[in-house]
Amino acid sequence: MIKRFYITTAIDYVNGQPHLGHAYEKIVADVIARAHRSLGQEVFFLTGLDEHGQKVQQAALADKKTPQEYCDALAADWLAFAKKLELTNDDFVRTTQPRHKEFVQAILSKLNDAGHFYKASYKGFYSAREETFLTDKDRRPDGTFDPSYGEVVELLEDNYYFKLGAQQQWLIHYLEANPSFVQPDYRRNEVLGFLKNNTLEDLCISRPAARLNWGIPLPFDPNFVTYVWFDALVNYISIPAAHGDKMVLAAAKSEIGNRKSEIELWPADIHVIGKDILKFHAVYWPIMLKTMGLPLPKQILVHGWWQKDGAKISKSTGNIVEPIAVIDEWGLDAFRFYVLRELDIGPDGNWTDAGFKSRYQAELANGLGNLVNRSLSMLKRYRNGIVPTPSNELSADAAKAADETRALLKQNQLQAALQSIWGLVTRANQYVDQTAPFKLAKDPSQEKRLDEVLYNLAETCRVLAVLLRPFLPGTSLKIYAQLGLNESPDKFSEATWGKLKSGHVIGEPAPLFPRKDV
Ligand code: MSP
């Protein structure tokens, strides 16, 4: 059996509606998943929801629902959102599912039996909003805590702790020896800086059920539930277990899972996450895995945060982008294009409506849309839609874009790949202007030349459809349909020049990105 390319996203807290940041991360992961399928690999793409913990319990309370009712109602919206984004996820985890909860408990039992946990009392200042104990380092110069922590109360609590002390050194070595483990580099340096300049404190992995009961009970002490992060991170292996991945099942000594469908997923190839949750993924998660006896994920790919108009996205100030409204007005592919083209994976991004409209107009409507529409319309008008004899004037340009796109996608350089693809769009649009097929059509002595030009344009459109498939899935299919092709643009091997055969009759051209008054 061949191990699949396994890619995950962070699982979102289900304490509100999805926003731009959530959408961006899921689209990034989807493009990488689709790209690897186009490269011919078997892929498993996992996304889902983080449903336990204080944030969700409080949101449910405010909504006068039980946490489960609240999660069920919102999960339907989030699932619909994943569909709206046309994510090609192979499963959708909800951490309240029995398949996940049982696996978390199996892991907890195993680590407890192996002596990785201990029980201790702790007295400190607790922020319910941040679900964390604060230390003196969190105090402002005047000794108070920032209002963003909400109400801070002093608590004395018994809890279970995960011993981390002995783990710091190997993790530092691992990060140093494996530069691609955390990408981009500056995020890796951040983790290394943190590990080298701080002593890791043991991780509190429980919450007293008396204070917070919306969680997975500790299998060895029913007075406690599992800390939400310990629960959430395990989704990356509980779902492989549910699909019969032998490696994680063995690590948990667990019988959970459907033994009939055995697929190999672990170790994950990529965890796509935002910069705010790096420590959980690059420090706690590797340590959890090591103590379970499991290999580490191959890569943690860290994206930046979106702002809007240079300010934090925030519901309370009304500074938000409504992904669904944008998609309904401009189409999904326009939304996917903007976020991927505007922001590379790593730095922070800034959404502006003007920037969105200008990319729509320049790159989609006037760039790609115009190229495909005029190429196919001329083929229709001058040759009844019948593909002429192959010609390869643009084949080198197409091959360059295809090679670059493939190479860049293997390195998760989505923005650069789009730039390369648009290099071909621009080249082909210039080719129309230079060869002026509308003039050639008026001159009977130029019949052969016109055939050549029309072939080059139609075939370039086809290659573009293949290269664009991971990014703009609907547009890619539309181009194939307008070319009258029943084959699928799903494999990059189809990007080879010359697959459009002479005599083939194309379909109906139609604008891909209707121009809007902006
Ligand atoms: N539930 C945890 C993740 C657990 S993963 C085992 C969580 N949830 S979250 O809903 O707060 O965030 C989910 C993802 O969305 C994170 O990767 C986070 O970085 C990302 N984003 C949230 N707001 C964002 C922006 N404004 N911009 C880009 N991504 C952002 O953390």
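Just follow the structure's listing: the first ligand is 1, and inside any ligand the first atom is 1. Bear in mind that the values here come from a model prediction, so they are computed numbers and not experimental data.
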Item to check | Worked check of salt bridge (Lys or Arg N to Asp or Glu O under 4.0 Å) between Lys275 and Asp348 | outcome: CA-CA 9 Å; Lys275 63 178 186 178; Asp348 288 339; 2.8 Å; yes
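- A cation-pi contact, defined as under 6.0 Å to the ring centre and within 45° of the axis, links Arg139 to Phe125.
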N or O contacts of ligand 1 with protein under 3.5 Å, please list pair by pair.
from	atom 1	to	atom 2	distance (Å)
ligand 1	1 (N)	Ile11	O	2.8
ligand 1	1 (N)	Asp50	OD2	2.7
ligand 1	10 (O)	Tyr13	N	3.1
ligand 1	10 (O)	His22	NE2	3.3
ligand 1	17 (O)	Glu25	OE1	2.6
ligand 1	17 (O)	Gly274	N	2.9
ligand 1	19 (O)	Asp276	OD1	2.5
ligand 1	19 (O)	Trp305	NE1	3.1
ligand 1	26 (N)	Trp306	O	3.3
ligand 1	27 (N)	Trp306	N	2.9

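- The side-chain hydrogen bond (donor to acceptor under 3.5 Å, both in side chains) check on Gln17 picks up Asp77, with sequence neighbours excluded.
- With hydrogens and angles left out, the side-chain atoms of Asp185 and Gln183 include a donor and acceptor closer than 3.5 Å.
- Using a cutoff of 4.0 Å between basic side-chain nitrogens and carboxylate oxygens, Lys110 and Asp113 are not scored as salt-bridged.
- Between the side chain of Arg406 and the main chain of Leu39, no donor-acceptor pair closer than 3.5 Å is present.
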